[in-house]
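Both ligands and their constituent atoms are indexed starting at 1 by order of listing.
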Amino acid sequence: MTVSRLQGIAPTIFGVMSTLAARTGAVNLGQGFPDVDGPPEVVAAAVGALHGGHNQYAPGPGVPALREAVAAHQERHYGLRLDPATDVVVTTGATEAIAAALLGLVEPGDPVVVLEPYYDSYVAMIQMAGGVRRPVTLRAPDFRLDLAALRAAAGGARFLLLNSPHNPTGTVLTGEELAAVAQVAVEHDLTVITDEVYEHLTYDVPHLPLATLPGMHERTLTLSSIGKSFSFTGWKVGWATGPADLVAAVLAAKQWLTYTSGAPLQPAAAYALSEADAYPRRLAASLRERRDLLCAGLNAAGLPTRAPQGTYFAVSDIRGLGWPDGLSFCRALPERAGVVGIPLQGFYDSDEGRHLVRWAFCKRPEVLEAGLERLAAADLTYGR
Ligand SMILES: Cc1ncc(COP(=O)(O)O)c(C=O)c1O
């Protein structure tokens, strides 16, 4: 029964693997959600909003306090000046911002250049918008941007869907790489949608929003959300920022998707952005330690893994263990070792990711240690 525009899109692997983890009692290093909530005072702000009469529809573009807090955040952190009335729209997580941006901007048949491996909602939403994805592969083991491939893919395209810090590889694009992206975008007159949900989760490298580069503000829609920066992935409060015409296109689609997003969580998200600004820095410092713990343990268990520069994911190469691919490895792992990871092959059009598996390190150190102990104790070689 499902329509053709949804065909060929597999159920999200994150849901599949989390269900497997729950069923088998495995340590879930698959899906990227923290196992400790964000700041209690932000939760208190949400409770206050629930008791304080914020329970009916919020304005379509978002409550003014959150739009103002997002604009102030962009100016304080990046020097980007936005008009909260026209240049910010609140969405139901970055997920809805991605959906509304693509549905609101992409015409059927439009080529959309996208970094591969891609976050899985990009594929589904490009397809639902009628666009045609043009992958630019970040190749293992260092997952850097291939500028020649980007230039080749940009010819005749209208859109670039960028993601830095990049899920799942952890790549954070450098100033030089972003300058080259900007040059390509200007040369080919691309509109860029840039997903920066991991903007605060970088380790020893800065995150530079593409919109800060010369010539980019007017052609860039920037997406982010409260989920990763403040450890509230279940709140699903996100936003899109940029020039008024691009933001209006997002709103034009968003109003028919959800009309408006969770009213009591919006003032609480505004509180987080303006009053709990130190939290993401502390979170990044603690994640850096957990990254090192996880990567050291994976390497010791025979899973070569490079420390990522951003996000809370690390990617292992499983070829040394003899498995035909990451999917069969990940399917067998809960029973073999009592651990769940995410195979990357579904995030590529090509075969480039068959040997790659992603692990999330946004879990408490004792959970990471338990997972690593299990991996160390298990025989992980194929066909035992
Ligand atoms: C790259 C990327 N974009 C968007 C999202 C979704 O963000 P949200 O939970 O705010 O909808 C995620 C969540 O994992 C992500 O990794």
Side-chain angles (χ1 to χ4, degrees), residues 12-18 28-35 37-38 42 62 66 70 73 88-103 112 114-126 133 135 138 143 160-173 192-202 207 209-210 221-241 250 253-254 257-258 261-262 265-266 268-269 272-273 280 283 287 308-315 341-342 344 346-347 358-363:
T12 171
I13 189 76
F14 304 114
V16 174
M17 287 298 168
S18 281
N28 189 357
L29 303 183
Q31 201 170 7
F33 60 87
D35 54 2
D37 284 346
V42 178
L66 179 52
V70 168
H73 172 277
V88 182
V89 57
V90 175
T91 55
T92 303
T95 305
E96 192 196 28
I98 295 162
L102 292 166
L103 291 171
V112 181
V114 56
L115 300 184
E116 177 193 65
Y118 22 64
Y119 179 59
D120 62 354
S121 89
Y122 301 165
V123 176
M125 286 318 309
I126 291 171
R133 66 179 178 275
L138 304 177
F143 301 113
L160 167 61
L161 176 49
L162 202 68
N163 172 218
S164 177
H166 181 259
N167 174 12
T169 65
T171 294
V172 180
L173 296 179
V192 185
I193 301 162
T194 169
D195 177 344
E196 303 186 359
V197 295
Y198 298 100
E199 60 189 313
H200 292 299
L201 305 184
T202 65
H207 164 67
L210 186 70
L221 194 60
T222 305
L223 316 182
S224 193
S225 76
I226 203 79
K228 314 294 174 181
S229 301
F230 287 89
S231 300
F232 289 121
T233 60
W235 282 22
K236 301 299 284 186
V237 176
W239 46 85
T241 57
V250 175
K254 184 241 154 46
L257 293 171
T258 52
S261 304
L265 295 178
Q266 292 193 40
L273 288 176
L283 175 64
L287 281 169
Q309 301 167 311
T311 75
Y312 37 55
F313 305 112
V315 175
I342 299 285
L344 285 200
F347 305 152
R358 191 198 80 172
W359 315 94
F361 54 85
C362 49
K363 311 292 176 185

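- Residues T222 and L210 fail the side-chain proximity criterion, which asks for heavy atoms closer than 4.5 Å.
- Taking the six-membered ring where the residue is Trp, W235 and F232 present parallel rings, their angle staying beneath 30° rather than reaching 60°.
- Taking the centre and axis of the six-membered ring of F33, the NZ or CZ atom of K363 falls inside the cone set by 45° and 6.0 Å.
- Ligand 1 is surrounded by G93, A94, T95, I98, Y119, Y122, N163, N167, D195, V197, Y198, S225, K228, K236, each with at least one heavy atom closer than 4.0 Å.
- The shortest distance between side-chain heavy atoms of P308 and F143 does not fall below 4.5 Å.
- Residues passing the side-chain contact (heavy atoms from CB on, under 4.5 Å) test with V16 are P11, sequence neighbours excluded.
- The backbone N or O of T169 sits nowhere less than 3.5 Å from a side-chain atom of N167 that would complete a donor-acceptor pair.
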